[in-house]
2 protein chains.
Amino acid sequence: MSTSSPATIEDVARIAQVSIATVSRAIHTPEKVANSTRLKVNQAIAITGYTTNAMARSLRLGRSNMILVVAPDIGDPNFSNILVGLENEARAHGYGILIGHTQNDPQRGLEYLKFLNSNQAAGLILFTGILPFGHQSMTARLPPSVGVFEPVYNGGIPYVGVDDIEGARKAVDLLIAEGHRKIAFIGDSRTRLAYSRRRQGYDAGLDAAGVPAGERIILEGDGTIESGRLALEQLFMRDTLPSAFMCVNDQTAIGVMIGLGARGYDIPTDFSVTGFDDVPQASFMTPALTTIRQPRTAIGKSAMALLFELLSDSEPTDTEILLRPDLIVRNSVSAPSRRFQKR
Amino acid sequence: MSTSSPATIEDVARIAQVSIATVSRAIHTPEKVANSTRLKVNQAIAITGYTTNAMARSLRLGRSNMILVVAPDIGDPNFSNILVGLENEARAHGYGILIGHTQNDPQRGLEYLKFLNSNQAAGLILFTGILPFGHQSMTARLPPSVGVFEPVYNGGIPYVGVDDIEGARKAVDLLIAEGHRKIAFIGDSRTRLAYSRRRQGYDAGLDAAGVPAGERIILEGDGTIESGRLALEQLFMRDTLPSAFMCVNDQTAIGVMIGLGARGYDIPTDFSVTGFDDVPQASFMTPALTTIRQPRTAIGKSAMALLFELLSDSEPTDTEILLRPDLIVRNSVSAPSRRFQKR
DNA sequence: ACGATCCATGTAAAGGTTTACATCATGGGA
DNA sequence: TCCCATGATGTAAACCTTTACATGGATCGT
């Protein structure tokens with residue numbers, strides 16, 4: 001029984017002495033089957049070790065039990081914990097997750113579109129902030145989909161993320177409370193909506209503290225470690241230095257810390273730094289980085305839950321789910337240094 | 001044409017004015033089809049936007065185009081980069097990867113076994129070092145499979161990993177070259193084969209350096225940060241201290257560094273520390289951790305390549321592929337301190 | 001010029017499931 | 001007692017492919 005080819009519904013039917021239709025019903029709609037029959041069927045299933053052939057089932061139903069998850073970079077440390085939430089929730093519904101990885105290459109995106117077109121996935125989770133299917137993005141017929149972190153630019157797709165404005169606000173408020181007023185914002189505020197919202201949080205915080213717009217220092221950067229470092233170099237060529245750096249994400253913050261360290265400054269004595277995301281490295285920096293935590297596992301879980309809602313009702317209850325970001329206070333923030341204060 | 005239900009092979013056949021068999025042949029075995037016909041078919045495919053229904057194809061072929069990847073913890077930072085290699089290689093073969101996550105719970109393992117039994121995966125990649133299917137592990141009929149990092153304990157399955165003995169040897173040799181003789185080995189050497197091989201590398205290195213077995217210090221630990229810290233505490237209750245800590249993995253090393261830091265020691269002035277794996281955090285520690293790098297993306301790529309070999313030939317060329325681990329020299333190792341030398 | 005061979009194509013079965021519809025038995029109401 | 005509703009089960013079609021086998025035409029060798 002562990003040899004030979006796998007048992008089919010027909011084997012079960014023969015042993016239970018019923019028709020295959022009855023077997024199918026006993027499995028999927030047990031209430032439509034007499035108790036005694038159901039018992040026989042269950043026994044037969046146990047004997048044969050039968051499991052439904054998912055291929056056949058999907059073919060008949062016209063819908064698979066897979067969810068495709070597409071991210072620009074699955075090597076991203078931010079990604080793996082989300083995956084945990086996604087996987088757990090999917091599996092609780094009897095679905096599997098299929099993962100894909102575009103590296104921002106539309107060509108690769110198109111290959112996933114083929115997956116979708118060939119009915120291999122019942123739903124789609126997108127990390128890209130944009131439909132990654134190149135020029136076909138507009139015309140593509142997509143299964144129920146949800147975005148993670150950001151709304152999907154060209155898709156009109158519900159999403160799950162964190163309240164970036166509130167998160168950023170928590171970071172500025174901490175800096176303000178410590179006495180900072182010259183706070184630089186470092187990071188991309190254009191390409192990604194999440195980032196521009198963090199910028200909004202920054203502005204809102206400084207507005208509330210009465211710091212005029214003219215005194216704010218904004219530096220662009222694409223969210224990489226390198227960009228943090230570069231932005232810092234630019235800053236040191238100006239005549240005004242901030243007392244604190246509020247970075248759009250942890251990578252940027254790490255770049256800033258490295259740059260500051262290389263110049264011989266001490267954090268937080270000389271400068272305070274905050275990040276956003278709470279990537280795994282954040283707590284291992286010296287000093288440990290004060291940052292805003294994304295509840296990653298929860299985000300994954302709720303994105304998948306939202307997707308299943310879409311899959312059953314066609315009416316989603318929410319079109320945007322924002323989770324609460326938490327301020328994680330570590331050691332990279334203190335009161336501003338006198339040294340640079342008077343500048 | 002982007003509305004309505006997706007085109008089937010029959011739609012293509014009708015437009016191209018040929019039979020569905022010819023269409024199928026034009027796609028999969030073009031050499032068996034006349035040039036002119038192939039052209040007509042290709043045009044019809046372009047017009048309809050036809051893509052093969054993977055469900056139907058898999059059903060007919062009795063084999064899907066998915067590879068199941070099962071890891072104990074997909075949130076592990078070691079995991080994501082491997083995933084990149086796995087995914088790229090799989091996709092190059094037209095396969096998708098399905099990921100699963102057991103958390104060492106045999107119950108969850110069993111659910112993946114169902115996936116397998118229902119023909120949803122043509123192959124299996126295992127990270128567990130053990131078949132994760134509980135009591136059914138022995139009798140389960142598995143598709144072609146390959147292990148990553150370690151041979152699969154109860155499976156007789158080929159695997160791809162790193163040469164742990166050689167890697168460990170590189171670490172000890174570095175410490176020896178710096179002048180250390182009292183080198184503690186910290187970490188689990190029993191449950192995981194990879195770990196016990198690292199231990200072998202340690203022993204081989206000390207043998208070569210003529211350090212008698214009696215002078216070696218071995219501490220158990222399960223490979224977590226906490227275990228590194230604990231082992232260190234135990235050590236400080238003894239009367240003999242090593243001058244260097246060779247840790248079975250980076251997590252353990254991080255635990256040791258934290259513990260040493262808490263006791264006010266400086267690394268590498270007072271003690272040297274090495275790790276193994278080169279997890280992302282390693283380079284962000286202060287001091288940055290000297291460790292052995294696992295070529296993760298390459299491991300993933302070659303594991304998947306090996307799997308495809310199994311899938312085509314039934315004779316695998318190799319049953320064990322060991323990649324070369326590199327020594328990554330950072331700042332956690334220096335010559336031994338005088339301070340503890342004379343003890 | 002004829003039979004053998006080969007090549008391109010078509011016909012139809014098979015793969016395992018779900019489900020609309022048909023069938024049949026049972027029990028209740030009149 | 002008869003009819004009808006109800007509930008349990010069976011029959012068969014459909015989902016979309018791939019491919020063994022059949023067919024028919026053309027080509028080649030003698």
Side-chain angles (χ1 to χ4, degrees), chain A residues 4-42 44-45 48-66 94 114-122, chain B residues 4-42 44-45 48-66 94 114-122:
Chain A
S4 78
S5 65
T8 74
I9 202 173
E10 233 168 316
D11 300 324
V12 176
R14 193 171 339 103
I15 295 188
Q17 315 219 44
V18 295
S19 74
I20 60 169
T22 303
V23 175
S24 178
R25 278 188 290 254
I27 296 172
H28 301 289
T29 50
E31 71 281 5
K32 291 191 174 178
V33 151
N35 282 336
S36 58
T37 318
R38 197 179 332 133
L39 206 66
K40 279 194 298 182
V41 171
N42 287 338
I45 289 177
T48 53
Y50 170 76
T51 28
T52 305
N53 180 318
M55 268 47 253
R57 176 160 220 261
S58 300
L59 172 60
R60 177 61 228 245
L61 261 37
R63 173 165 55 86
S64 83
N65 58 152
M66 297 289 154
K114 274 193 194 158
F115 256 86
L116 258 19
N117 284 340
S118 60
N119 278 316
Q120 298 206 65
Chain B
S4 77
S5 65
T8 74
I9 201 173
E10 231 168 319
D11 300 325
V12 176
R14 194 173 337 105
I15 296 187
Q17 315 218 47
V18 295
S19 75
I20 60 169
T22 302
V23 174
S24 179
R25 276 189 290 253
I27 296 172
H28 301 288
T29 50
E31 70 280 5
K32 292 192 175 178
V33 151
N35 282 336
S36 59
T37 318
R38 197 175 337 131
L39 205 69
K40 280 193 299 181
V41 171
N42 286 337
I45 289 178
T48 53
Y50 170 76
T51 29
T52 305
N53 180 317
M55 265 49 250
R57 174 160 222 260
S58 299
L59 174 59
R60 177 62 229 248
L61 263 35
R63 174 164 56 86
S64 83
N65 59 151
M66 297 289 153
K114 275 192 193 158
F115 257 86
L116 258 18
N117 285 340
S118 59
N119 279 318
Q120 298 206 66

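Both backbone and side-chain heavy atoms feed into the values below; hydrogens, waters and symmetry mates do not. Every chain is numbered from 1, with letters handed out A, B, ... down the list of sequences.
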Can you list everything that forms a side-chain contact (heavy atoms from CB on, under 4.5 Å) with A:Asn117? Sequence neighbours excluded, please.
A:Leu113, B:Thr51

Going by heavy atoms in the side chains, are B:Gln120 and A:Met66 under 4.5 Å from each other?
yes

Heavy atoms, side chains only, cut-off 4.5 Å: are A:Ser58 and A:Asn65 in contact?
yes

Using distance only, find each side-chain donor-acceptor pair of residues 30-37 of chain A under 3.5 Å and give its atom names and separation, not counting sequence neighbours.
{"from": "A:Asn35", "atom 1": "OD1", "to": "A:Arg38", "atom 2": "NH2", "distance (Å)": "2.6"}

Which pair of non-hydrogen atoms, one from A:Leu116 and one from A:Ala121, has the smallest distance, and what is that distance?
CD1-CB, 3.8 Å

Between N or O atoms, less than 3.5 Å apart, protein on one side and nucleotides 17-24 of chain C on the other: list the pairs.
{"from": "C:dT17", "atom 1": "OP1", "to": "A:Tyr50", "atom 2": "OH", "distance (Å)": "2.4"}
{"from": "C:dT17", "atom 1": "OP1", "to": "A:Asn53", "atom 2": "N", "distance (Å)": "3.2"}
{"from": "C:dT17", "atom 1": "OP2", "to": "A:Ile9", "atom 2": "N", "distance (Å)": "2.4"}
{"from": "C:dT17", "atom 1": "O5'", "to": "A:Tyr50", "atom 2": "OH", "distance (Å)": "3.4"}
{"from": "C:dT18", "atom 1": "OP1", "to": "A:His28", "atom 2": "NE2", "distance (Å)": "2.5"}
{"from": "C:dT18", "atom 1": "OP1", "to": "A:Arg57", "atom 2": "NE", "distance (Å)": "2.7"}
{"from": "C:dT18", "atom 1": "OP2", "to": "A:Ser24", "atom 2": "OG", "distance (Å)": "2.7"}
{"from": "C:dT18", "atom 1": "O2", "to": "A:Arg60", "atom 2": "NH1", "distance (Å)": "2.0"}

From CG of B:Asn119 over to P of C:dG16, roughly how many Å is that when rounded to an integer?
9 Å

Length of the line joining A:Asn35:CG and D:dG7:C1', which is rounded to integer Å:
13 Å

Need the bend value for the helix from C:dA1-D:dT30 to C:dA30-D:dT1: angle between end axes, 5 pairs each end, nearest 10°.
50°

Under 3.5 Å, side-chain donor or acceptor atoms of residues 7-29 of chain A against the rest of the protein: list the pairs with distances, not counting sequence neighbours.
{"from": "A:Thr8", "atom 1": "OG1", "to": "A:Glu10", "atom 2": "N", "distance (Å)": "3.0"}
{"from": "A:Asp11", "atom 1": "OD1", "to": "A:Arg14", "atom 2": "NH2", "distance (Å)": "3.0"}
{"from": "A:Asp11", "atom 1": "OD2", "to": "A:Thr8", "atom 2": "N", "distance (Å)": "2.8"}
{"from": "A:Ser19", "atom 1": "OG", "to": "A:Ala21", "atom 2": "N", "distance (Å)": "3.4"}
{"from": "A:Ser19", "atom 1": "OG", "to": "A:Thr22", "atom 2": "N", "distance (Å)": "3.3"}
{"from": "A:Ser19", "atom 1": "OG", "to": "A:Thr22", "atom 2": "OG1", "distance (Å)": "3.3"}
{"from": "A:His28", "atom 1": "ND1", "to": "A:Arg57", "atom 2": "NH2", "distance (Å)": "3.2"}
{"from": "A:Thr29", "atom 1": "OG1", "to": "A:Arg25", "atom 2": "O", "distance (Å)": "3.4"}

Could you pull out the protein-nucleic contacts involving nucleotides 4-8 of chain C (nitrogen or oxygen on both sides, under 3.5 Å)?
none

